[in-house]
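Below is one structure, written out as structure tokens, with a few remarks after it.
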Amino acid sequence: MHSSAVFLIEFGAIILGLGLLGRFAGRFQFSPIPLYLLAGLAFGEGGLLPLGASEEFVAIGAEIGVILLLLMLGLEYTASDLVSNLKTQYPAGLVDAALNALPGAAMALLLGWGPVAAVVLAGVTWISSSGVIAKVLGDLGRLGNRETPVILSILVLEDLSMAVYLPIITALLAGTSLAAGSITLAIALGVAGLVLLLAVRYGRHISRFVSSEDPEKLLLVILGLTLLVAGIAQELQVSAAVGAFLVGIALSGEVAEGAHNLLAPLRDLFAAVFFVFFGLHTDPASIPPVLLPALGLALITALTKIATGYWAAKRAGVSAKGRWRAGGTLVARGEFSIVIAGLAVTAGIEPSLGPLATAYVLVLVILGPLAARYTEPVALRLAARLGKAAPRGQTRAKAKAPLAESQDVVDGPNTVGRS
């Protein structure tokens, strides 16, 4: 009874605190994610008042939060939209991998950690946080923007790449044979491909199966199906987030709209729990020794993500404003980076890798929502100042070029997605 009472008090205090922090962030019109993380730091390992009884429940809630974030992201687009975007945006995925994985690998080699640690840190710096970005897009009201399909295409390519990367890194860390690693990789790729095939070809049947005029039954069936597919995907070495996303794109029409309205409050609740959980498992004392290299790596890879998003959006014909928004939105790292670093820590590859990855992700998961909001206005203001400082001999047409470029496409509702 006593432990039950403590659990209720602790978890109730967490939810109440999240609500108050969310109201505070809303009053000043910025994302509450950094505040959620700082709250987790304050009440986690080495914090001001560590939690005990509710920690396991918070861990489960955090995992559900990531799954719901990706499900809701998938509900915005149809299966045909996904395939079309992947076909057109795969070059952006290659540029993304090259620009953002190489700095992490180089840092590990410079620190003398060896090639396996370099592969691990490359993954940490490469993958953006789908969970954080999904929350930021919703908070800023950008789900219908012209640049959002580009952002989602890059995120999906990254998440699907994890179906290849995670089995490889697991085999490297375990030191298993090439044959065993190849079998694991083949299973992961087969499962991801099967789920995608089912979503593309049989999406209408799936929507018909879950459809119901009763909101209660619709909520239970969709939530149960999503958790089931996510769990099976994770058991078969495929990301649960990928499974949840594909369930979302498999649903269409009125079912998708109804699911969106029903699941939005649950998503917001469990997503907030996820960010608190991330902070809970970060010991503040482990951050200072690795803070300088983490800050340097965070700065470099923030710039490379902005460059990735800008290039991909420009290639898709998005206006200058949308290009900067796309780049800034991709800055945040989160759940996948922590999973990758956790595998290395468990394997005992390099003692300093865990704290460095934690500090790196913490910096970027706080900086990410700020970059998503302010990259565009800061970049355009700097461009305007540079335009004013142009030589007097410059032609009038050239002087007006930056302004014309920023207005070449009017940002408006997404014509591809469902929003």
Side-chain angles (χ1 to χ4, degrees), residues 7 10-11 14-15 18 32-33 36-37 39-41 43-45 51-75 123-124 127-136 138 155-156 158-160 162-163 165-167 170 188 191-192 195 219-220 222-248 259 262-282 332-343 345-346 354 357-358 361-362 365:
F7 163 75
E10 287 184 351
F11 193 66
I14 291 173
I15 300 302
L18 292 177
I33 292 172
Y36 295 158
L37 288 166
L41 280 175
F43 296 101
E45 300 174 4
L51 299 176
S54 63
E55 186 172 342
E56 185 176 353
F57 185 83
V58 170
I60 296 172
E63 193 165 359
I64 293 174
V66 175
I67 290 171
L68 289 179
L69 281 168
L70 271 294
L71 169 66
M72 298 290 282
L73 205 59
L75 289 173
V124 171
I127 305 299
S128 295
S129 171
S130 299
V132 175
I133 292 171
K135 183 71 167 65
V136 168
L155 292 179
V156 171
E158 289 180 349
D159 288 348
L160 292 176
M162 286 296 95
Y165 176 84
L166 287 177
T170 302
V191 172
V195 176
L219 175 62
L220 290 173
I222 291 178
L223 188 58
L225 178 63
T226 302
L227 294 176
L228 178 64
V229 172
I232 294 173
Q234 188 162 302
E235 187 69 21
L236 296 173
Q237 305 298 318
V238 181
S239 165
V242 172
F245 182 86
L246 293 176
V247 170
L262 291 171
L263 290 169
L266 282 177
R267 173 202 61 187
D268 293 339
L269 169 62
F270 285 106
V273 172
F274 162 71
F275 298 118
V276 170
F277 176 75
F278 181 79
L280 287 175
H281 283 259
T282 302
R333 270 58 160 200
E335 57 276 5
F336 271 132
S337 299
I338 294 300
V339 169
I340 294 167
L343 292 173
V345 170
T346 302
T358 299
V361 172
L362 185 62
V365 84

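As a basis for the values below, the full set of heavy atoms in this structure was taken, side chains included, without hydrogen atoms, waters or symmetry mates.
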Can you tell me how far apart [atom1] ([X]) and [atom2] ([Y]) are? Round to the nearest 0.5 Å.
{"X": "Ile222", "Y": "Leu227", "atom1": "CD1", "atom2": "CG", "answer": "12.0 Å"}
{"X": "Arg267", "Y": "Leu75", "atom1": "CZ", "atom2": "CG", "answer": "10.0 Å"}
{"X": "Leu71", "Y": "Ile64", "atom1": "CG", "atom2": "CD1", "answer": "12.5 Å"}
{"X": "Met72", "Y": "Leu266", "atom1": "CE", "atom2": "CG", "answer": "9.0 Å"}
{"X": "Leu269", "Y": "Ile15", "atom1": "CG", "atom2": "CD1", "answer": "5.0 Å"}
{"X": "Ile60", "Y": "Phe270", "atom1": "CD1", "atom2": "CZ", "answer": "10.0 Å"}

Quick one: are Tyr165 and Ile340 in side-chain contact, heavy atoms under 4.5 Å? yes
Residues in side chain to side chain contact (heavy atoms under 4.5 Å, CB included) contact with [X], at least two apart in sequence or another chain:
{"X": "Leu262", "value": "Pro215, Leu218, Leu219"}
{"X": "Leu225", "value": "Ile206, Val210, Val229, Val247"}
{"X": "Ser337", "value": "Val124, Arg333, Val361"}

Non-neighbouring partners of Ser130 that pass side-chain hydrogen bond (donor to acceptor under 3.5 Å, both in side chains), sequence neighbours left out: Asp159
For Ser129, the side-chain hydrogen bond (donor to acceptor under 3.5 Å, both in side chains) test, sequence neighbours excluded, returns Glu335
Ignoring hydrogens, what is the shortest heavy-atom contact between Val132 and Ala332? Give both atom names and the distance. CG1-CB, 3.6 Å
What one should report as the nearest heavy-atom pair of Val273 and Gly61 is CG1-C, 4.0 Å
